[in-house]
Amino acid sequence: MNHLVQNLVEALREELKEYGEMLALLDQQQDLVMRRQTQDLLISTSGINAQSEAIAAARSEREQRQRHVARQLNLPDDAPFAVLVPQLPPDYRPLVNALVQENNELLVRVQQRARQNHLLLSRVVELMQRFLGTLFPGAANPTYNGTGRMFAAGLPQQSLYNAIG
């Protein structure tokens, strides 16, 4: 039993590490937007996408180990930590509780930062669209398709050079 609980603790620590790395990447992305380092923004976004996959893998591993512990304790596979922890050996309860709480708190911070970054990036896109509207005044206004995504507005067929000259 102790071996299974130690595996669960290891998985919780790994998940916590992955959330921490995501928060650092989101902070970096926010800094890039604030410093207008647009050339590095695409690389940052790729890193965030890769980190999302790492989080999903860590979460899946933790859930699997959580199910193993639940089975060993004759609990349902989907037993939440609130049910699982009181059944653990007493020496492990404070550690598992602390790791679960830290994971939950860090997940909330990651979600908040992701929302902030989304708003910042949306604002940047909006400002760029306005700027392009001043360069190409006859361009179509942005419209949305049935899924709520914006249709890409086509640029005028003539080159910028011809438009000025």
Side-chain angles (χ1 to χ4, degrees), residues 1-129 142-152:
M1 176 58 166
N2 285 348
H3 178 69
L4 290 176
V5 176
Q6 287 173 353
N7 286 342
L8 177 59
V9 166
E10 179 184 312
L12 284 164
R13 285 181 174 148
E14 181 64 24
E15 190 175 8
L16 186 64
K17 181 188 88 136
E18 298 300 343
Y19 285 134
E21 289 181 19
M22 177 61 90
L23 188 59
L25 287 172
L26 291 169
D27 285 342
Q28 179 186 34
Q29 183 184 53
Q30 196 172 85
D31 186 55
L32 290 171
V33 171
M34 297 301 205
R35 292 186 299 124
R36 299 180 179 158
Q37 300 291 317
T38 55
Q39 66 275 14
D40 297 329
L41 205 50
L42 188 57
I43 295 168
S44 169
T45 302
S46 295
I48 288 170
N49 288 337
Q51 187 60 32
S52 292
E53 292 174 15
I55 287 173
R59 182 181 301 137
S60 177
E61 182 66 24
R62 187 261 307 151
E63 288 170 346
Q64 180 182 357
R65 292 179 183 189
Q66 185 177 349
R67 283 190 298 274
H68 287 139
V69 171
R71 282 186 203 127
Q72 185 69 28
L73 295 169
N74 296 319
L75 296 171
D77 280 0
D78 60 349
F81 279 107
V83 173
L84 192 71
V85 171
Q87 303 299 316
L88 295 176
D91 292 347
Y92 286 100
R93 291 177 195 162
L95 175 60
V96 172
N97 268 329
L99 286 169
V100 168
Q101 183 177 349
E102 285 183 52
N103 269 299
N104 287 334
E105 290 171 2
L106 197 50
L107 176 59
V108 167
R109 289 179 58 200
V110 165
Q111 291 170 338
Q112 289 171 340
R113 191 63 38 83
R115 278 192 293 276
Q116 287 173 350
N117 287 12
H118 176 73
L119 288 173
L120 275 173
L121 292 169
S122 295
R123 181 72 177 139
V124 167
V125 168
E126 180 185 324
L127 291 173
M128 184 54 75
Q129 286 175 338
T143 56
Y144 297 89
N145 64 18
T147 63
R149 295 188 184 266
M150 195 177 306
F151 281 119

Subject >> Main-chain N/O of A79 paired with Q66 side-chain donor or acceptor, under 3.5 Å >> reply: yes
Original post:
Any Lys/Arg nitrogen of R13 or E10 sitting under 4.0 Å from an Asp/Glu carboxylate oxygen of the other?
Top reply: no
**OP:** May I have the step-by-step check of side-chain contact (heavy atoms from CB on, under 4.5 Å) for Q30 and L26, ending in yes or no?
**Re:** CA-CA 6 Å; Q30 196 172 85; L26 291 169; over 6 Å; no
**OP:** May I ask you to decide if A56's main-chain N or O and S60's side chain share a donor-acceptor pair within less than 3.5 Å?
**Re:** no
Original post:
Roughly how far, to the nearest 0.5 Å, is the OH atom of Y19 from the CG atom of N104?
Top reply: 8.0 Å
**OP:** Determine whether N103 and R59 make a side-chain contact, defined as any pair of heavy atoms from C-beta on separated by less than 4.5 Å.
**Re:** no
Subject >> salt bridge (charged side-chain N to carboxylate O under 4.0 Å, His left out) contacts touching residues 91-111 (sequence neighbours left out) >> reply: none
Subject >> L75 vs Q87 side-chain heavy atoms within contact, under 4.5 Å >> reply: yes
Original post:
Going by atom types only, do R115 and Q111 share a side-chain donor-acceptor pair under 3.5 Å?
Top reply: no
Original post:
Does atom CG of L119 have more than 12 heavy-atom neighbours from other groups under 6.0 Å away?
Top reply: yes
Subject >> Value rounded to 0.5 Å, distance of CD in E21 from CD in Q51 >> reply: 5.0 Å
Original post:
How far apart are the closest heavy atoms of L25 and G47, and which atoms are they?
Top reply: CD1-O, 3.6 Å
Subject >> Close side-chain approach of L121 and V33, heavy atoms under 4.5 Å >> reply: yes
Subject >> Residue pair F81, N97: steps toward the side-chain contact (heavy atoms from CB on, under 4.5 Å) verdict >> reply: CA-CA 8 Å; F81 279 107; N97 268 329; over 6 Å; no
**OP:** Give, for atom CG of L107 and atom CG of L23, the distance between the pair rounded to the nearest 0.5 Å.
**Re:** 11.0 Å
Original post:
Are L32 and R35 close enough that some pair of their side-chain heavy atoms sits under 4.5 Å apart?
Top reply: yes
Original post:
Are M22 and L106 side-chain neighbours, meaning at least one heavy-atom pair lies under 4.5 Å?
Top reply: no
Original post:
Can you tell me how far the OG1 atom of T45 sits from the CG atom of D40, to the nearest 0.5 Å?
Top reply: 10.5 Å
Original post:
Are the side chains of L73 and L88 in touch, meaning some heavy atoms are under 4.5 Å apart?
Top reply: yes
**OP:** From the options R67, R62, Q64, H68, select the one residue that forms a side chain to side chain contact (heavy atoms under 4.5 Å, CB included) with L8.
**Re:** R62
Original post:
If only atom types and distance count, is the side chain of Q29 paired as donor or acceptor with the main-chain N or O of L41 below 3.5 Å?
Top reply: no
